[in-house]
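Just so it is clear: chains get the letters A, B, ... in the order the sequence lines come, proteins before strands, and each one is counted from 1.
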Amino acid sequence: MSAAGLLIIGSSQAGVQLAVSLRALGYPDPITLLGDENHRPYQRPALSKEFLQDVISKESMIFRTQEYWDDHDIRVVKNERIVRFDTRPDGSGVAYARSGETFEFDRLALAVGARARKLQVPGADLPGVLYLRNADDALELKARVPAVENVVVIGGGFIGIEAAASLTKLGKNVTLLEAGPRLIGRAVGPETSDFLLKHHLEAGIDVRLDAELTRIVGTGDQITGVEVGNEVIPADLVLVGIGVLPNTELAEHLGLDCDNGIRVDGHALCSDGVTVAVGDCANLPNPVPGSPAGDRVRFESVNNAIEQAKVAAYAITGDPEEYAGIPWFWSNQGALKLQIAGLSTGYDQTVVRAHEPTKWSVLYYRDGRIIAADAVNAPLDFMAVKGALAKGQNIPADAAADTTTMLKTLTTDI
Amino acid sequence: MPQVTYTDSEGQTRTVSANVGDSVMETAVRNGIPGIVAECGGSLSCATCHVVVDEADFAALPPMDPMEDEMLYGTAEDRTDTSRLCCQISVTDDMDLRVTTPATQV
Ligand SMILES: Cc1cc2nc3c(=O)[nH]c(=O)nc-3n(C[C@H](O)[C@H](O)[C@H](O)COP(=O)(O)OP(=O)(O)OC[C@H]3O[C@@H](n4cnc5c(N)ncnc54)[C@H](O)[C@@H]3O)c2cc1C
Ligand code: FES
């Protein structure tokens, strides 16, 4: 039993799960769950979807009741930003907040997440150029939306597309600019990109690929447009979703190894062997069974935040378990529900299952073995692939295109 | 006040009072009821909020939409005749719902 206990910095998906899992495992020491946002810990995914569309309230995004935190003896601290530490060799120390508050700890967990990458073009600092990473961003966006007619969304990744679809649903004229040749190029294959593009164009989003954004045009403090090549697209609001950067500054200050995130081992332990790092901020060994030795990844997903935090809780309670699992992700884009199971990197074959015009999936294979799937409005395909990957089974490619057969019935042991 | 009673696969029971408009999943998770994972936070994407509704209560619930029905075929523990994904069940006035959570959600 120790006096200061564990200090978790970052009280979002990963930090919350770590605290919850530790108590479920019977961790006896004090837990402080600290974050710099002035909100009770909440879930982010709805910010670009149901919350932006006014389908759900802020209350629905809150992780736990105050009674839960009290009953489980977890001290939740909000609105405190940690800026530096004094540490002792055993990993204990004191954290200093910008406010002047101090927080003693015996052990530290970094669940500091990632921040939005900033746009670097002239005019990018005009008011009305917004980002969408946290609740304050979403509240500002929602406050401006009623007065806005034309929106330009910059970035054709998950958040850009989700927000574009939500704003279209709210009746706005939306243009989506993507610098690359296809949508979500980082995470899905070309067939999925094409499928999504066709749908979003039909749904009324003016999607422009290979768009060369040169500046944001405005008069005084009002945006009027976005300049792309020699065209100015009218805009009263610009929403930027061009990726995130992992928050590694605190880890660097602590002397921990960082490289596209805070480097951890399969137990979520940092290079000092004591501090843990979990969630979007962590760079970890690829957890997919059978992935190349030494391969490292950094995820930006709820699934990873939860699973990695569980692994960290095992490491802290002294019953370590190596992180292994099948990554999965979802993205609701207007009328489309995209679900992704596994990692498609390195595939050499695809099989498309075209059920209906808006019900569709693509399966990815490497050396004849299934490695991933993107499923649109096809949850059964998604779950069949996720299940097969988790059990180390295959879904042979030759029969997989037949949509009259349920994928689940095709799984074979390898 | 409406309430929901959660029984786990070992027969342990907890009753919590619920707010009208919240989902049966939110009610469980915010109060720390084990047995409901709800990874996607109610987005109808994960099928880890599977419950078996008490037979006497099932018919009174609004019918499920096709997406929920389809996802129920992919739950970790096979669906029964009264299975639901509880993020899709809204708490209503005077609700006194009884549900059982499966042994596993993942
Ligand atoms: C709009 C949006 C939609 C998304 N949709 C999906 C989705 O559909 N599906 C999915 O799987 N994932 C989705 N994600 C991603 C998912 O939300 C993240 O992967 C997840 O939130 C990561 O959790 P985390 O705890 O690691 O980091 P974060 O959520 O980034 O939380 C880190 C916290 O630490 C705080 N912090 C940082 N530095 C300090 C400091 N020095 N002192 C104190 N506090 C600090 C931050 O302010 C933040 O509150 C979405 C994300 C966004 C923004
Ligand atoms: S919480 Fe994910 S489907 Fe219900």
Side-chain angles (χ1 to χ4, degrees), chain A residues 13 16-17 20 23-24 40 42-46 49-51 55-57 59-69 71-72 74 301-307 310 325-326 328-332 337-341 355 359 375 377-387 390 406-408, chain B residues 1 4 6 8 12 14-50 64-79 83 85-91 101 104-106:
Chain A
Q13 197 81 50
V16 164
Q17 185 65 47
V20 167
R23 284 296 182 243
R40 291 166 290 159
Y42 64 91
Q43 308 167 62
R44 280 168 218 281
K49 316 178 182 84
E50 299 87 349
F51 182 64
V55 175
I56 65 163
S57 68
E59 213 49 43
S60 296
M61 301 189 293
I62 302 296
F63 276 109
R64 292 286 191 278
T65 58
Q66 188 55 46
E67 294 81 74
Y68 174 89
W69 300 123
D71 288 350
H72 292 79
I74 295 166
S301 74
V302 167
N303 162 250
N304 173 67
I306 293 176
E307 294 306 319
K310 288 183 190 165
I326 305 303
W328 78 273
F329 191 80
W330 82 96
S331 171
N332 296 349
K337 177 188 296 298
L338 169 63
Q339 292 166 294
I340 302 176
H355 300 265
K359 180 170 178 171
N377 294 344
L380 271 185
D381 289 356
F382 162 73
M383 284 187 285
V385 173
K386 187 165 170 259
M406 284 197 1
L407 282 183
K408 210 176 173 175
Chain B
M1 201 165 182
V4 184
Y6 301 86
D8 70 17
Q12 286 259 26
R14 264 184 71 184
T15 300
V16 291
S17 48
N19 300 317
V20 173
D22 283 0
S23 72
V24 171
M25 177 281 286
E26 287 168 328
T27 307
V29 170
R30 280 205 220 113
N31 290 289
I33 302 281
I36 292 177
V37 175
E39 221 170 302
C40 78
S43 197
L44 193 51
S45 300
C46 68
T48 64
C49 63
H50 178 200
M64 54 183 143
D65 80 25
M67 186 69 91
E68 180 185 345
D69 193 30
E70 182 163 347
M71 288 194 54
L72 274 168
Y73 284 102
T75 49
E77 195 151 287
D78 285 344
R79 71 186 289 174
S83 282
L85 295 177
C86 66
C87 67
Q88 302 301 307
I89 308 176
S90 281
V91 172
T101 54
T104 178
Q105 295 278 10
V106 289

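Distance check: M67(B) CE to K337(A) NZ gives 5.5 Å after rounding to the nearest 0.5 Å. Atom CZ of R64(A) and atom CG of N31(B) lie 9.0 Å apart (nearest 0.5 Å). The CG atom of N377(A) lies 9.0 Å from the CD atom of E70(B); values are rounded to the nearest 0.5 Å.
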Derivation of the side chain to side chain contact (heavy atoms under 4.5 Å, CB included) call for R30(B) and Q66(A): CA-CA 9 Å; R30(B) 280 205 220 113; Q66(A) 188 55 46; over 6 Å; no
Residues W328(A), C46(B); criterion side chain to side chain contact (heavy atoms under 4.5 Å, CB included); working and verdict: CA-CA 9 Å; W328(A) 78 273; C46(B) 68; 3.5 Å; yes
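Between chain B and the residues I56(A), N332(A), V20(A), the most heavy-atom pairs under 4.5 angstrom are made by N332(A). Interface remark: of the candidates G32(B), C40(B), G41(B), C40(B) forms the most heavy-atom pairs closer than 4.5 Å to chain A.
Heavy atoms of D71(A) lying under 4.5 Å from chain B are absent altogether. Only the side chain of E26(B) comes within less than 4.5 Å of a heavy atom of chain A; its backbone N, CA, C and O stay farther away. For L380(A), the parts lying under 4.5 angstrom from a heavy atom of chain B are both the backbone and the side chain.
For the residue pair S60(A) and D22(B), no side-chain donor N or O sits within less than 3.5 Å of a side-chain acceptor on the partner. Donor-acceptor pairing under 3.5 Å is recorded for the side chains of E39(B) and N303(A).
Remark: side-chain polar atoms of K49(A) are not paired, donor with acceptor, to backbone N or O of S43(B) under 3.5 angstrom. At least one donor-acceptor pair closer than 3.5 Å links the side chain of K408(A) to the backbone N or O of Y73(B).
Using a 4.5 Å cut-off on side-chain heavy atoms (C-beta onward), N19(B) and E59(A) make no contact.
Taking both residues in full, the closest heavy atoms of P379(A) and M71(B) are given as CB-CG, 3.3 Å, listed atom of the first, atom of the second, then distance.
Counting heavy-atom neighbours within 6.0 Å of E77(B) CD, excluding the residue itself, gives a total above 12.
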